[in-house]
Peer 1: 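Once you've had a glance at the structure underneath, I'll fire off some questions.
Numbers here are sequence positions counted from 1.
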Amino acid sequence: MNILGVGGWELLAILVIMLLVAGPKRMLHWAYILGTYVAKFRVMWSETVDVIQKEFDDAGVDIKIPKDPPTRARLNQQAGRALESLTRPVKTTMDEAAGQMGQIKEATAITARTAASTVNGNGHAPRQKPKPPRPSAASSTIQPQVDNKEFGTWSGQASAEGRGDLGTWSAGGTHKNDQPEA
């Protein structure tokens, strides 16, 4: 429920605050005044509609203006009637799609029932074998086995030239500084 953009709980909170601030006597008086203004508005609306309808009739325009003030429901109803020619093809397409989905569901249910009726001797559908668990991301990485003789080694010692580097790489598995001197 929305009245001028104010929801039900908000309207209730406003009424409670007004009751606390104004008091019950003043609230009754305000309600009476509001009722008289609503009645005056309806009379003004009716008179305005009569004048405009008379002008339309004199001009030969075939438009009927409603005597009651417009409400949201009435406006939505009129808009729906006006847009019906545009929304009818979409509605029929949606109805056809819903019908086809119903047929698919029925066919699926029939297939499931026939599969369930296939008995395994004990009146139950055959069980599927459980699938093995999937390996986790950490265990799925393959750790290569390193053979130092095949891939070479890294030496943390400085090279013989003494350049102050961090060491050397040897491809044969032994470092040139690690070989026994002859």
Side-chain angles (χ1 to χ4, degrees), residues 1-120 122-141:
M1 178 176 103
N2 252 346
I3 300 172
L4 299 175
V6 178
W9 288 105
E10 295 164 342
L11 184 63
L12 184 65
I14 290 170
L15 290 174
V16 167
I17 291 171
M18 285 176 57
L19 183 63
L20 291 175
V21 171
K25 285 185 182 179
R26 210 177 295 166
M27 285 288 291
L28 287 174
H29 182 66
W30 288 351
Y32 176 77
I33 292 172
L34 181 65
T36 57
Y37 282 122
V38 168
K40 287 179 183 178
F41 172 74
R42 286 186 178 171
V43 169
M44 287 174 32
W45 179 268
S46 172
E47 291 173 355
T48 305
V49 165
D50 288 341
V51 169
I52 293 174
Q53 187 65 49
K54 185 177 183 272
E55 292 295 324
F56 281 159
D57 291 342
D58 291 344
V61 178
D62 190 26
I63 294 178
K64 299 294 179 193
I65 301 174
K67 295 261 184 198
D68 297 329
T71 61
R72 179 181 286 182
R74 218 176 269 136
L75 291 174
N76 285 340
Q77 188 180 36
Q78 289 174 351
R81 273 187 266 142
L83 295 175
E84 184 178 353
S85 63
L86 297 174
T87 59
R88 188 178 304 124
V90 174
K91 187 175 181 339
T92 56
T93 304
M94 293 297 289
D95 291 342
E96 289 174 7
Q100 290 175 356
M101 287 299 295
Q103 291 174 353
I104 291 171
K105 285 181 181 179
E106 288 176 18
T108 306
I110 291 171
T111 305
R113 274 188 255 133
T114 56
S117 67
T118 306
V119 287
N120 231 6
N122 58 1
H124 296 291
R127 290 188 172 195
Q128 295 179 352
K129 292 182 181 179
K131 295 180 180 178
R134 300 177 95 188
S136 65
S139 65
S140 66
T141 57

Peer 1: Gln53: what forms a side-chain hydrogen bond (donor to acceptor under 3.5 Å, both in side chains) with it, not counting sequence neighbours?
Peer 2: Asp57
Peer 1: Do Leu28 and Tyr32 have side-chain heavy atoms sitting under 4.5 Å apart?
Peer 2: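 A side-chain contact under 4.5 Å is absent here.
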Peer 1: Which heavy-atom pair separates Leu11 from Val6 by the least distance, and what is that distance?
Peer 2: N-CG1, 3.7 Å
Peer 1: Enumerate the residue pairs fulfilling salt bridge (Lys or Arg N to Asp or Glu O under 4.0 Å) with a member in residues 92-105, sequence neighbours excluded, ordered by first and then second residue.
Peer 2: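 Counting only pairs at least two positions apart or across chains, the salt bridge (Lys or Arg N to Asp or Glu O under 4.0 Å) contacts touching residues 92-105 are Lys91-Asp95.
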Peer 1: With sequence neighbours left out, which residue pairs that include part of residues 68-82 fulfil the salt bridge (Lys or Arg N to Asp or Glu O under 4.0 Å) condition?
Peer 2: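 Non-adjacent pairs meeting salt bridge (Lys or Arg N to Asp or Glu O under 4.0 Å): Asp68-Arg74.
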Peer 1: Determine whether more than 12 heavy atoms belonging to other residues, nucleotides or ligands lie under 6.0 Å from atom CE of Met27.
Peer 2: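 Enclosed: over 12 neighbouring heavy atoms sit under 6.0 Å from CE of Met27.
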Peer 1: State the OG1-CZ distance between Thr36 and Phe41, to the nearest 0.5 angstrom.
Peer 2: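 Rounded to the nearest 0.5 Å, the OG1-CZ separation comes to 14.0 Å.
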Peer 1: Could you give the distance from NE2 (His29) to CG (Leu34), rounded to the nearest 0.5 Å?
Peer 2: 12.0 Å
Peer 1: Kindly indicate whether the side chain of Thr93, heavy atoms from C-beta on, has any atom under 4.5 Å from the side chain of Val90.
Peer 2: no
Peer 1: Would you please name every residue forming a salt bridge (Lys or Arg N to Asp or Glu O under 4.0 Å) with Lys54, sequence neighbours left out?
Peer 2: Asp58
Peer 1: Would you compute the distance between atom CG of Leu15 and atom CG of Leu20 and round it to the nearest 0.5 angstrom?
Peer 2: 11.0 Å
Peer 1: Between atom CD1 of Ile104 and atom OG1 of Thr111, what is the distance when rounded to the nearest 0.5 Å?
Peer 2: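 So the gap between those two atoms works out to 11.5 Å.
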Peer 1: Using modelled atom types and a 3.5 Å cut-off, is there a donor and acceptor pairing between side-chain atoms of Glu10 and backbone atoms of Gly7?
Peer 2: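 Looks like yes, one N/O pair under 3.5 Å.
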Peer 1: From Trp9 CH2 over to Ile14 CD1, what is the distance, rounded to the nearest 0.5 angstrom?
Peer 2: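 With rounding to 0.5 Å, CH2 (Trp9) is 14.0 Å from CD1 (Ile14).
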Peer 1: Could you give the distance from CD1 (Ile63) to CD1 (Ile52), rounded to the nearest 0.5 Å?
Peer 2: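 Answer rounded to 0.5 Å: 11.0 Å.
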Peer 1: So which pairs with a foot in residues 23-50 pass salt bridge (Lys or Arg N to Asp or Glu O under 4.0 Å), sequence neighbours left out?
Peer 2: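 Non-adjacent pairs meeting salt bridge (Lys or Arg N to Asp or Glu O under 4.0 Å): Asp50-Lys67.
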Peer 1: Using the test side-chain contact (heavy atoms from CB on, under 4.5 Å), find all partners of Leu75 that sit at least two apart in sequence or belong to another chain.
Peer 2: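 In terms of side-chain contact (heavy atoms from CB on, under 4.5 Å), with neighbours along the sequence ignored, Leu75 is linked to Pro70, Gln78.
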